[in-house]
Structures are given as structure tokens and as C-alpha cells.
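Order of appearance sets the numbers: ligands from 1, and atoms from 1 within every ligand.
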Amino acid sequence: MDIARTPTTPDGNPEMADAAFEPAQPPVIHRKDYAPFPWLLPATHLEFALGVEHTRVVSTLQIERNPAAAASAHILLNGDGLTAVSVRVDGQETSDWEMEGDNLRLNLSGDAHEISITTEIEPSANTQLMGLYASNGMLCTQCEAEGFRRITFFPDRPDVLSTYTVKMTGPKADFPVLLSNGNKAAEGDNGDGTHWAEWHDPWPKPSYLFALVAGDLVANTDSFTTVSGREVDLAIYVRAQNDGGDLDRTGHAMRSLVKSMKWDEEVFGREYDLDVFNIVAVSDFNMGAMENKGLNVFNTKYVLADPETATDGDFDGVEGVIAHEYFHNWSGNRITCQDWFQLSLKEGFTVLRDQLFSQDMQGEAVKRIEDVRILRSVQFPEDSGPLAHPIRPDSFREISNFYTATVYNKGAEVIRMMRTMCGPEAFRKGTDLYFDRHDGEAATCEDFITAMEDGAGLDLTQFRLWYSQAGTPKVAVDLTHAGDTATLTLRQTVPATADQPGKKPMPIPLKIAMFDRVSGQHSGEQLIVLKTDEQSFNFEGFAEKPILSINRGFSAPVTIERDIADEDLVFLAARDDDPFARYEAMQDLVVGHLTAASGNGLDDSARGTGRLAIAQAFEAVLSDDMLDDSMRGELMMLPGLTFLMEQQLVADPSRIHEEREGLKAWLGARFEDTLVTLHQRVSAVPYDQEATSRGARKVKTQALVYLAAGNSERASQIAAAQYHAADNMTDRQGALMVLTGLGTAARTDTLIDFHRRYAGNELVVDKWFALQASSLHPNAIEHVKALAQHKDFTIRNPNRVRSLYMAFAGNPHAFHAVDGEGYRLIADLILELDPINPQTAARFVSPLGRWRRIEPGRADLMRAELERIKAAENLSRDTFEQVTRSLG
Ligand code: PHE
Ligand code: ZN
């Protein structure tokens with residue numbers, strides 16, 4: 001840990017006099033400073049006397065010197081807000097230890113010892129939801145990344161692996177179910193109203209994978225027989241006190257789990273390795289879910305789903321997150337990370353694995369488009385803003401801030417490029433070698449890359465730059481034609497980012513196809529890899545200049561700048577056989593038009609020409625009988641405001657919003673009758689979870705979106721009818737979403753109805769908040785202020801906070817209110833939430849951090865809010881880091 005850059009206290013080091021009156025800053029930790037821990041921990045035994053208010057923890061560690069590390073005369077055990085009640089070494093109480101900040105330093109003379117430490121913690125006072133905390137009377141843990149140190153003193157780092165046994169004792173009435181990692185070894189009744197259970201996990205693991213759950217829970221159970229014939233008991237636990245409603249909503253999660261287990265055997269050759277696999281759903285959770293060994297803890301949002309309360313998107317979310325956490329059992333748990341800078345080793349790889357799984361479950365084309373949409377609307381802005389970092393960062397102050405779209409989603413794209421370059425069979429050889437070589441270890445990204453080189457036969461020398469350089473590369477495309485030869489010239493630039501001014505060219509694998517203008521066909525897809533700043537490729541046999549389809553399947557996570565005629569985009573939008581490229585052509589057409597229109601402004605005639613080209617492509621999408629509705633729905637979707645703003649160096653949110661809404665209204669009016677007919681056709685498709693029915697629902701809501709812009713009265717009637725007739729949440733939410741953006745009477749009625757209908761269902765009430773906070777309604781900001789006072793709003797529950805405020809911060813037209821009211825609202829939230837739940841509070845900083853890319857008037861207001869946050873006393877490490885980076 002580098003403490004050199006930490007300003008000292010007023011009576012400290014005179015060399016730091018300048019900083020002397022500044023409050024102490026949290027230290028910066030550097031990847032290059034990694035050193036192995038001086039001690040090994042072959043065994044860890046934990047005893048918990050459980051209570052919601054008070055829990056006593058006795059942890060007994062067997063330690064011995066690590067021959068691979070420098071010897072040390074002490075052991076440094078991490079703590080966070082803990083006090084040691086007792087410290088014993090080899091059975092003897094000792095006072096030969098001291099606190100070093102929050103950590104405990106214990107002096108030791110021998111080569112092997114047994115250390116036993118008692119701590120007392122207060123789960124019900126734990127509002128950070130890190131460590132052991134209470135949620136609706138149940139006790140649960142969250143230890144990644146550094147939560148275990150809030151339970152007991154321990155070397156809380158991912159490269160210290162130990163074998164755990166856990167004994168829990170607690171009142172039977174409060175905690176009839178007692179769970180931890182691994183298999184249950186023993187249990188018993190104490191005869192005094194308390195009972196106990198002991199769990200043993202045979203697989204050595206780092207502390208971040210520890211978990212404990214105690215509560216009044218009921219389970220949906222099933223079993224899975226692995227490829228080698230071992231039977232695994234599966235259980236998904238939910239709280240008993242909810243009229244049993246939760247239990248009835250676990251079927252989809254269980255089916256997803258079974259499919260994941262089977263798929264990982266078939267596609268990656270990975271078999272499960274314990275006798276039980278347990279999942280627990282918790283209402284209060286900072287993230288989506290957590291892959292603790294044999295005991296995954298989930299946000300209820302990613303477990304509970306039925307047609308009545310969950311949308312098609314929610315069903316997909318459950319399937320994807322269940323798969324993701326299950327897949328971590330190999331990519332994360334059997335092979336874990338050496339240090340937190342390697343986070344993408346497990347996360348990037350596991351995201352890729354869950355994406356490939358979902359592609360196999362739901363169809364490749366649409367899933368790929370959805371994944372790219374997320375990447376471009378969340379990760380691209382991150383990569384072009386003040387919080388940009390490589391997928392393997394070099395430094396941080398608070399690791400919680402690095403669970404980002406870059407580490408996760410760009411990390412997945414980077415490994416996907418390897419797969420694209422070598423093909424699926426060679427890729428499998430590479431992953432087999434990786435799993436084989438590093439099983440049981442805490443590995444690095446470099447280990448993964450080397451295994452890929454050795455196993456898949458790739459040379460990744462230059463490719464390693466994808467791990468160290470931040471920023472989204474831009475590829476400028478130029479296509480010329482002479483004689484019968486087409487020449488494709490590609491130029492790449494990797495933009496400068498914070499701390500990384502000069503960048504080197506990276507290998508960029510691009511799938512391309514050249515369409516012959518006469519036949520409308522291409523003669524095969526090719527993969528080219530751009531490795532230098534500029535490179536040209538010749539293609540023979542074209543009497544006329546061909547139409548280029550590039551970055552097919554989004555083979556590289558880059559921005560393509562192509563100078564292409566609208567008519568060629570219209571051609572590709574209607575005819576490209578690569579579904580992603582077809583979608584991309586449609587997007588490009590709209591992005592090009594809206595960017596021009598909201599940038600320098602277009603005169604009426606130029607605007608008219610641009611719109612007509614879009615209408616032509618839109619019409620082809622509406623009328624193409626060969627398209628399935630799911631793909632039609634994707635092609636109908638306009639690029640989001642955030643993505644559009646990202647296209648401009650300095651954006652004026654109101655201008656872009658106006659142009660986008662103007663285009664939508666124009667298309668809605670022009671195609672009004674076609675859209676109504678389309679809506680009627682898809683409304684006749686009965687509900688089920690199959691692709692046809694899901695596609696119909698997607699198109700249904702898209703049709704409404706355009707109609708609402710084109711003819712709000714007519715749309716309002718159709719939407720209200722759809723709302724009331726709905727037999728599923730997708731249709732009901734879709735209709736309500738459209739109504740919420742309108743000023744019609746049906747808006748109020750349906751919002752009231754929705755709230756009444758689903759009162760008590762937390763996840764659906766979250767939707768009710770989110771719909772209003774993300775609505776197109778001109779008064780959305782006033783609605784958000786009123787909702788913050790609603791009896792159902794609570795700042796203690798992360799899902800509820802996100803449903804109101806993340807939805808709002810992601811609603812550009814409301815968030816970017818010209819008077820700065822939206823910025824103030826988010827800054828106020830950050831200041832209020834920071835002392836309660838810093839990890840969640842810090843996540844709200846990045847929307848304000850976009851100020852450099854927003855027009856100067858608003859930029860000043862955004863910066864002022866960041867300054868106001870920075871000036872607050874006792875800011876958490878999480879928020880401090882994000883605010884200073886955003887201002888820097
Ligand atoms: N490791 C979890 C996942 O990716 C995410 C997580 C991180 C959850 C930190 C909680 C805390 O699935
Ligand atoms: Zn993960």
C-alpha cells in the first residue's frame with residue numbers, strides 16, 4: 001500500500017506542510033506494488049453467535065510462514081470498524097498487538113501459529129450492506145471486495161486462500177435456516193431455544209467468497225446430475241414472510257440454473273464441484289448478485305420473476321445473472337484473482353460466458369445488439385470521460401469504484417476479440433488450458449493471456465495493449481475504387497485519457513463484407529486485423545464501387561467513422577445479412593441525421609431529405625415479412641439520448657432531445673395507420689415466453705412509442721386499452737411507460753391503478769418509481785421531487801434509491817434541466833446517502849462528471865455541484881475518489 005501520497009496530519013511531516021491543513025486523503029494503491037502475503041492460512045474456523053443486534057465472532061486461523069514471501073515478525077490483519085475483544089496466540093491470551101489505523105498488527109516469533117480473535121459486530125446498524133448485515137430480519141453477508149474485514153480481523157485479500165469451517169448458533173425462531181459455504185457437516189439443537197449448524201467448504205477460497213445467511217426462509221428445491229453422474233441438491237431460498245408470494249416466483253430462476261449448469265459442461269467443459277448449490281434472494285443488496293462459493297446471494301430483482309410481475313427484460317436479467325454467478329464457480333472461484341487490479345480476469349471472462357450462454361438460449365442476433373447497446377450507452381461514455389480506466393487498472397483508492405462497465409463489459413469484449421481471431425474451437429483449447437493450468441490459484445490477466453497464446457495458438461504480444469490502454473479506439477474508414485479494385489483504407493486513433501496522454505495502435509479485428517451493387521450480394525465475410533495507425537486492403541473484381549459492411553457482429557469495441565452515402569445505409573438497413581450490421585446501418589442513418597441537425601443545425605430542406613431517407617429504411621423495417629418481430633423491434637428503436645450526446649464533442653442536451661423527439665413525432669405521424677395496424681396484429685399474439693410472443697410484445701411497445709409522439713390522443717387511448725387488457729407485465733409496463741410521458745388524463749388514472757394493484761410488491765413498486773423518473777414528461781423533475789417524499793420511498797434500500805434516482809440521472813432531458821435543478825437533486829442525494837451507503841452513493845457521481853462534454857452553461861453548474869460535494873466533511877473514500885477524479 002502506497003501511503004507516501006497521503007497528506008499528513010497537522011503535526012506531521014514538515015515536508016508535507018502544504019497539505020498539512022487539508023483533511024487526510026485516502027491513499028492510492030498501485031498495481032506495481034503487489035507483494036505476496038508473508039503468511040499462509042491452511043485452515044480457518046469461524047464461530048458465530050448470531051443476533052440481529054449483536055453478533056459475536058470467534059475466528060481461529062491456522063497460519064504458517066509463506067516460503068514464497070519475505071519473512072515478517074508480525075501478521076497484519078485487516079479490519080474495518082472492528083475492535084478486538086480478545087486476541088490469543090497458540091491458546092494464550094496476548095497483548096502483544098496494536099492497531100494500525102483500522103488494522104490489527106500482531107507480533108509473532110515462530111513459523112506456525114494458531115491465532116484466535118473475538119470481535120463483536122452489530123448487523124442491524126450496518127447500513128453499508130458490506131460485511132454482516134440485517135435485511136427484513138434475516139442476516140446475510142456481502143464480502144466482495146473488502147467486506148470480510150467488517151466481520152473479523154483477517155488478511156482480506158484475494159490471494160490468501162484458506163479452507164473454512166463455519167459454525168453458527170442462533171435463536172431457532174428467528175433463524176430456522178442457517179447456511180454457509182460448502183456442505184453442511186453437522187447440526188444440533190441446544191435445547192434452550194437456540195440451535196446450530198456447522199458447514200464445511202472443502203475448496204480453499206479467499207475471504208471475499210465467504211458467505212453466511214440466517215433467517216426464516218423457504219426454498220424451491222431441485223437437483224442436477226452432473227456429467228460424471230454426481231447428484232447436486234439445488235435450492236433457491238426466499239423469505240417465508242411474504243404470503244409465500246416470493247416462492248412462487250422462483251421457477252424461472254431454477255430453470256435458468258439448471259440450464260446454466262448443463263451449458264457450462266457442454267460448452268466450456270466445466271462441472272460443478274460440491275454436493276449442494278444454494279441461492280438466497282435478499283431485498284437489500286448493493287449490486288446484482290454475488291458468487292460466494294456454493295452459496296450465491298442475490299438481489300431479489302435477479303431471482304423473482306413471473307409473467308404477472310416481471311417483464312421479458314426482467315426474465316432475461318434473471319437468466320443472465322443466474323448464469324453469471326454460477327459460471328463464476330470456475331471463472332472466479334476455482335481460479336480467483338491475485339489482486340483486485342485483476343478483477344477483469346474473473347468479471348470480463350464471466351460476462352463473456354454469460355453473454356454466450358444467453359445468445360444460445362435466446363438467439364444470437366438480438367442478444368448481441370442488446371449487449372452492444374449497453375456497451376455503447378454506458379461503457380463508451382465512461383471511456384471518454386474523467387473516470388476512464390483500462391480493463392486492468394493501475395491504481396485506485398477504493399476498489400468498489402472499479403466494478404465498472406469497463407472492467408465487466410469491455411473486459412468481455414476484449415476476450416471476445418480473442419475468440420473472434422482464433423475461432424470457437426481454438427478458443428476452447430485456450431480456456432481448457434487456462435482452467436487446467438491455474439486451478440486452485442489466484443491468477444492474473446497475464447496468466448489468462450499466456451494460456452490463450454499457448455492453448456489457442458494466438459500471438460497476443462501487441463494485443464496486450466487492450467489490457468493497459470483506456471479509451472475507445474476510433475477507426476476512420478475510407479473506401480475508394482479504381483478499375484476493378486476497391487481499396488479500403490483504415491486509420492485508427494486511440495484517444496488520450498486521464499493519466500494516458502500518448503497511445504499506441506492496437507490490433508483491431510474487423511469482420512467485413514463487400515456488397516456488389518448490381519447483384520446486391522457479397523461473396524463472403526472476411527476478418528481483417530488492423531494493427532498499425534494506417535493500413536490499406538485491396539479487393540479485386542468490382543466493376544463498380546461496392547457497399548462496405550464493416551465491424552459485422554460488432555467484432556471490435558471501437559467507433560467506426562465511415563463516410564457513407566445515406567442511400568448505401570438504406571441499402572444495408574434493408575439488405576445486410578449480418579443482423580448486427582443491419583441494425584448498425586439503421587442506427588448510423590439516424591445518428592448521422594440527428595447529430596447534424598442538432599449540431600450546426602440543418603435548414604428545412606436538408607432536414608427533410610435526412611428524414612426521408614430514414615423513413616425509407618423505417619418503412620422497409622415495418623413491412624419486411626422475412627424479419628421476425630424481435631429483430632423488427634430492435635431495428636425500430638431510435639438511438640438513445642446518452643449515446644447521441646456522446647457523438648458530439650460538446651453536446652447541448654435540449655437541442656438533441658428536441659431533434660430526436662421531432663423525428664419520432666414525424667415518423668409517428670407519417671406511419672400512424674401502419675403502426676396502428678402493426679399494433680393490432682401483434683396484440684393478437686397470445687402470451688408465452690417463446691421468441692414469437694416476446695417479439696410481438698417488443699414491437700407492440702415500440703409502435704406505441706412512435707404513436708405517442710405522432711398522435712398523443714390516439715396513442716393514449718390505445719395505451720390505456722393495452723394497459724387494462726394486459727395479462728403480463730411487459731405489456732402493462734410498456735403501456736404505462738408511454739402514458740407516463742404524456743399529459744393525458746389516462747396518465748394519472750393508470751399510475752394510481754398500478755400502484756394500488758401491486759402494493760407490497762417491492763420490485764414492482766420499484767418500476768412505478770423508475771417509470772416516472774425516466775419519463776418524457778416535461779415535469780419529470782417535479783415528479784421525482786414529490787416521489788422522494790412518497791411513503792414508499794426509503795433511502796436505505798439500494799433498489800429503491802436506484803429506481804428513483806438512477807432512472808432520473810439516466811433521463812437526460814430531465815437531469816439536464818437548464819437551471820441545474822437536476823444536478824442539485826443528484827448532489828443532494830449523494831450527500832445524504834454517502835454516510836449511509838457510500839458504495840451506492842459514489843455510483844451517482846459519474847453523471848455529474850460528464851461536464852466537459854456538455855455545453856458551457858450547464859457544465860459550470862455541474863462542476864459547481866461536484867465542488868459542493870467535495871467540500872463536505874467526512875466524505876467516504878468511495879465518493880471522494882469519484883469526485884476528485886471527476887473534477888481533475
Ligand atoms: N462479483 C459480483 C458479480 O460480478 C458483483 C459484486 C461485486 C457483488 C461487489 C457485490 C459486491 O457477480
Ligand atoms: Zn461477476
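Residues of the protein with a heavy atom under 4.0 Å from ligand 1 are Gln142, Glu144, Met287, Ala289, Met290, Glu291, His324, Glu325, His328, Lys346, Glu347, Tyr403, Tyr408, listed by chain and number.
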- request: Show the numbers, then the answer: is there a side-chain contact (heavy atoms from CB on, under 4.5 Å) between Phe210 and Lys293?
  value: CA-CA 7 Å; Phe210 166 79; Lys293 184 80 189 189; over 6 Å; no
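Ring-centre distance between Phe396 and Phe341: below the 6.0 Å cut-off. In this structure, Trp340 has its ring center under 6.0 Å from that of Tyr208. Under the 6.0 Å cut-off for aromatic ring centres, Phe357 and Phe327 qualify, their centroids lying closer than that.
Between the Asn181 side chain and the Leu209 main chain, a donor and an acceptor come within less than 3.5 Å of each other.
Of all heavy-atom pairs spanning Leu433 and Ala451, the tightest one is CD2-O, 3.6 Å. Contact detail for His389 and Thr406: the closest heavy-atom pair is O-CG2, 3.2 Å.
For His328, the N/O/S atom at the shortest distance from the Zn ion (ligand 2) is named NE2. Glu347 contributes atom OE1 as its closest N/O/S atom to the Zn ion (ligand 2).
The Zn ion (ligand 2) has no N, O or S atom of Glu325 closer than 2.8 Å.
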